[in-house]
Chemist: 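My structure is below; once you've seen it, I'll send some questions.
No experiment lies behind these values; they were computed from the predicted model shown.
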Amino acid sequence: MIRITQLKLPADHKADALRDKAARTLGLNPGKIKAVHIRRQSLDARKKPELFYSYTVDVELGSGVSEASERAIVHKAKNAQIVLSGESDYRYPNPGGEPLLYRPVIVGTGPAGLFCGLMLARLGYCPLLLERGQDVEQRQKAVSHFWQTGELDVCSNVQFGEGGAGTFSDGKLNTLVKDSCGRNRLVLKTFCEFGADAKILYQNKPHIGTDVLAGIVKEIRQEIIRLGGEVRFGCQVEDLAIEDGKVQGVAVRDGETIPSSLVVLAIGHSARDTFFMLHSRGICMSAKAFAVGLRIQHPQSMINLSQYGREKVGGLGAADYKLTWKASDGRGVYSFCMCPGGYVVNASSEKNLLAVNGMSYHSRAGVNANSALIVTVTPEDFSGDGPLAGVEFQRKLEALAFQAGGGRIPVQLYEDFLAEKDSRQLGEVMPQMKGLWTLAGVHQVLPLPVKNALREGMAGFGQMIPGFDRPDALLAGVESRTSSPVRIWRDEGLESAVRGLYPCGEGAGYAGGITSAAMDGVRVAEAIAGAYQPLRARATKL
């Protein structure tokens with residue numbers, strides 16, 4: 001196939017326009033083109049309100065066209081935007097030679113755990129997945145109950161349960177991870193296989209939405225079971241069995257010890273009790289930098305006008321943004337997990353502590369846009385010098401947020417944040433929340449360096465997006481679960497110093513988001529498959 005990059009068309013173009021433009025670019029009759037496969041689509045809004053899509057496409061010519069003919073077409077074009085397509089499919093690993101007595105155990109069913117489990121199941125390893133929370137259906141009920149009443153289930157909530165924290169998010173699938181092995185596309189194709197729109201394979205900023213993602217997670221679990229794996233919910237790992245520097249199994253809450261010489265720690269960034277258990281068992285880890293801040297809400301129409309030059313966007317979908325600023329003290333200030341047409345949600349997982357996150361449905365049809373505005377913090381900002389100092393730093397902020405709102409999400413107008421006074425009434429921006437909330441003051445929650453950096457960043461962002469620093473923009477907090485506060489050490493083979501123990505995904509400090517966590521789960525599955533024999537023949541045709 002022939003690849004064409006930077007193929008530009010009006011955003012409202014008709015379906016046949018892409019084939020016609022590709023044909024003109026190649027100097028061919030459109031009838032000679034069998035198919036045009038979109039590989040990338042991004043929106044060009046530099047001339048707003050005139051909007052364009054920029055495409056990368058692979059052009060498949062009619063039957064009988066040889067590779068030599070394709071080369072001749074490319075050579076004749078003498079255009080750097082026209083090349084032969086070199087994309088290849090992901091290659092599954094060949095199984096290793098060391099026999100296994102017990103099936104691999106995967107702790108956690110977030111993206112890392114699910115994709116590791118799916119890969120191992122497809123390769124014939126019959127994995128056992130353990131999850132402290134509930135399946136996605138029961139989890140949705142528990143989360144809805146919490147949002148309506150404030151009664152928290154500490155084992156099954158926005159952070160814990162099937163699908164991990166990403167299940168109650170915008171479902172973003174973009175990643176900055178460099179990938180030469182095809183894992184990124186494998187993850188996206190797998191999401192499509194289990195129910196996602198095929199557009200995520202080429203959109204510049206793909207997303208699924210919390211409502212669609214929940215169904216996909218369930219389908220992946222059912223496929224793991226169909227292929228010989230097992231998934232246990234309400235099953236929290238409380239200890240490891242270790243002998244002679246090798247893992248021998250895991251102890252779960254009901255007193256059972258499950259034997260296994262391969263344990264994958266896909267525990268998520270909020271598994272604080274598990275971090276403490278691992279530290280007590282001598283598992284090597286260190287504190288790492290992350291970011292904290294607040295959620296901000298604006299009218300989505302305001303963001304649309306700034307980004308698209310129009311308030312109503314039709315088929316383009318609600319506009320997003322990505323903002324960065326460098327504060328005078330050198331700290332990075334940036335938007336994170338931006339949710340067009342979304343909601344700010346109570347994402348707490350511990351009693352008397354409060355954390356928020358953002359969430360969007362697939363339609364992104366809500367009246368507000370929201371995003372985290374966060375500031376980088378490093379181990380130098382934490383009190384204490386142990387590997388778990390960042391956890392305690394998070395807990396301190398979340399306790400202050402809980403106190404500020406009396407257990408509800410504290411919400412404050414931006415002008416009151418600047419004046420450091422509690423808000424008493426709303427402006428024109430109405431809160432779009434999942435969870436009980438109250439007007440209060442979030443200024444008292446943040447450390448002074450973070451608060452000062454946010455003020456500088458907001459002033460800068462107001463120059464980038466008109467109205468971003470409007471007085472009645474709504475702030476809510478605290479956004480403290482942006483990434484893991486620890487890194488669990490692993491070597492080039494992805495094992496910890498305890499042999500057979502594989503730290504994996506976002507909680508272990510090796511990913512940041514749904515796609516990168518899933519990709520890391522694939523990597524760990526590859527490492528296991530490359531060293532050990534399957535328990536049975538490959539369970540599915542690859």
Side-chain angles (χ1 to χ4, degrees), residues 147 291-306 311 318-319 321 323 325 327 333-348 354-360 366-375 397-398 400-480:
W147 285 341
V292 298
L294 304 169
R295 279 264 154 191
I296 191 165
Q297 294 186 74
H298 299 95
Q300 182 63 52
S301 58
M302 187 194 92
I303 303 301
N304 292 344
L305 182 62
S306 171
E311 292 188 357
Y321 58 79
L323 303 172
W325 188 265
V333 185
Y334 52 100
S335 62
F336 173 78
C337 187
M338 193 268 156
C339 296
Y343 299 81
V344 173
V345 307
N346 191 330
S348 305
L354 192 145
V356 298
N357 194 11
M359 185 186 86
S360 298
V367 298
N368 281 359
N370 78 77
S371 175
L373 295 182
I374 52 178
V375 178
L397 301 187
E398 291 171 18
L400 291 172
F402 187 90
Q403 294 164 16
R408 299 182 174 214
I409 301 172
V411 176
Q412 185 176 30
L413 275 67
Y414 177 57
E415 64 179 350
D416 294 334
F417 176 79
L418 291 177
E420 297 204 355
K421 65 179 184 180
D422 290 2
S423 291
R424 299 302 180 197
Q425 62 181 22
L426 295 169
E428 294 182 5
V429 184
M430 294 292 108
Q432 298 293 295
M433 317 289 283
K434 295 289 185 178
L436 304 174
W437 62 274
T438 185
L439 287 172
V442 293
H443 61 280
Q444 58 193 299
V445 174
L446 300 176
L448 185 60
V450 172
K451 188 162 52 177
N452 288 341
L454 275 180
R455 286 170 172 161
E456 291 185 42
M458 279 292 294
F461 298 156
Q463 299 172 27
M464 301 174 191
I465 295 180
F468 198 88
D469 56 350
R470 58 190 286 170
D472 64 346
L474 297 179
L475 297 171
V478 61
E479 179 91 20
S480 52

Chemist: I would like to know whether Val356 and Asn346 meet side-chain contact (heavy atoms from CB on, under 4.5 Å); could you show each step before the answer?
Modeler: CA-CA 5 Å; Val356 298; Asn346 191 330; 5.7 Å; no
Chemist: Measure across Ala319 and Gln300 and return the closest heavy-atom pair with its distance rounded to 0.1 Å.
Modeler: O-NE2, 2.9 Å
Chemist: Would you please name every residue forming a side-chain hydrogen bond (donor to acceptor under 3.5 Å, both in side chains) with Arg408, sequence neighbours left out?
Modeler: none
Chemist: Considering the options Asp422, Leu400, Val442, which one meets the side-chain contact (heavy atoms from CB on, under 4.5 Å) requirement together with Pro410?
Modeler: Val442
Chemist: Any idea which heavy atoms bring Ser348 and Ala355 closest together, and the distance?
Modeler: OG-N, 3.2 Å
Chemist: Holding to ring pair (Phe, Tyr, Trp, His ring centres under 6.0 Å), I want the full list of residues that pass it with Phe336, two or more places apart in sequence or in another chain.
Modeler: none
Chemist: Working to the nearest 0.5 Å, report the span between CD of Glu479 and CG of Asn370.
Modeler: 9.0 Å
Chemist: Quick check: closest heavy atoms across Glu311 and Ser301, and the distance to 0.1 Å?
Modeler: CG-O, 3.7 Å
Chemist: What distance do Arg470 atom CZ and Glu428 atom CD have between them, rounded to the nearest 0.5 Å?
Modeler: 5.5 Å
Chemist: Do you know which two heavy atoms are closest between Ala404 and Gly441, and how far apart they sit?
Modeler: CB-O, 3.7 Å
Chemist: Determine, step by step, whether Tyr343 and Met433 satisfy the side-chain contact (heavy atoms from CB on, under 4.5 Å) criterion, reporting the C-alpha distance in whole Å, the side-chain angles of both residues, the deciding distance to 0.1 Å, and the verdict.
Modeler: CA-CA 5 Å; Tyr343 299 81; Met433 317 289 283; over 6 Å; no
Chemist: Does a side chain donor of either Ser423 or Gln412 reach within less than 3.5 Å of an acceptor in the other side chain?
Modeler: no
Chemist: Is any side-chain heavy atom of Asp469 closer than 4.5 Å to one of Tyr414?
Modeler: yes
Chemist: Roughly how far, to the nearest 0.5 Å, is the CE atom of Met338 from the CZ atom of Arg295?
Modeler: 9.0 Å
Chemist: Is there a donor-acceptor pair closer than 3.5 Å between any side-chain N or O of Asn357 and the backbone N or O of Ala347?
Modeler: no
Chemist: Nearest 0.5 angstrom please: Ile303 CD1 to Leu305 CG, how far?
Modeler: 9.5 Å
Chemist: Answer whether the closest heavy-atom distance between the side chains of Pro431 and Leu426 falls below 4.5 Å.
Modeler: yes
Chemist: With side chain to side chain donor-acceptor pair (under 3.5 Å) as the test, would you mind laying out the steps for Asn452 and Glu456 before giving the verdict?
Modeler: CA-CA 6 Å; Asn452 288 341; Glu456 291 185 42; over 6 Å; no
Chemist: Under 3.5 Å, is there a donor on one side chain and an acceptor on the other for Asn368 and Gln297?
Modeler: yes
Chemist: Let me know which of Val292, Val478, Leu475 forms a side-chain contact (heavy atoms from CB on, under 4.5 Å) with Val445.
Modeler: Val478
Chemist: Taking it one step at a time, do Leu454 and Leu446 satisfy side-chain contact (heavy atoms from CB on, under 4.5 Å)?
Modeler: CA-CA 10 Å; Leu454 275 180; Leu446 300 176; 3.5 Å; yes
Chemist: Between the main-chain N or O of Phe417 and the side-chain N or O of Glu420, is there a donor-acceptor pair closer than 3.5 Å?
Modeler: no
Chemist: Please report the closest heavy-atom contact between Ala318 and Pro340, naming both atoms and the distance.
Modeler: CB-CB, 3.6 Å
Chemist: Give me the one residue out of Val345, Val367, Val344 that meets side-chain contact (heavy atoms from CB on, under 4.5 Å) with Gln432.
Modeler: Val367
Chemist: Using a 4.5 Å cut-off on heavy atoms from C-beta on, say whether the side chain of Leu439 contacts that of Arg424.
Modeler: no
Chemist: What's the shortest heavy-atom distance between Ala327 and Val333, and which atoms?
Modeler: CB-CG2, 4.3 Å
Chemist: Could you go through the side-chain contact (heavy atoms from CB on, under 4.5 Å) check for Tyr334 and Ile374 one step at a time?
Modeler: CA-CA 6 Å; Tyr334 52 100; Ile374 52 178; 3.4 Å; yes
Chemist: If you measure from CD1 on Ile296 to CG on Leu323, what distance do you get to the nearest 0.5 Å?
Modeler: 9.5 Å
Chemist: Just how far is it from atom CG of Leu354 to atom OG of Ser480, taken to the nearest 0.5 Å?
Modeler: 8.5 Å
Chemist: Which label fits His298 and Phe468: parallel for a plane angle under 30°, tilted from 30 to 60°, or perpendicular past 60°?
Modeler: tilted
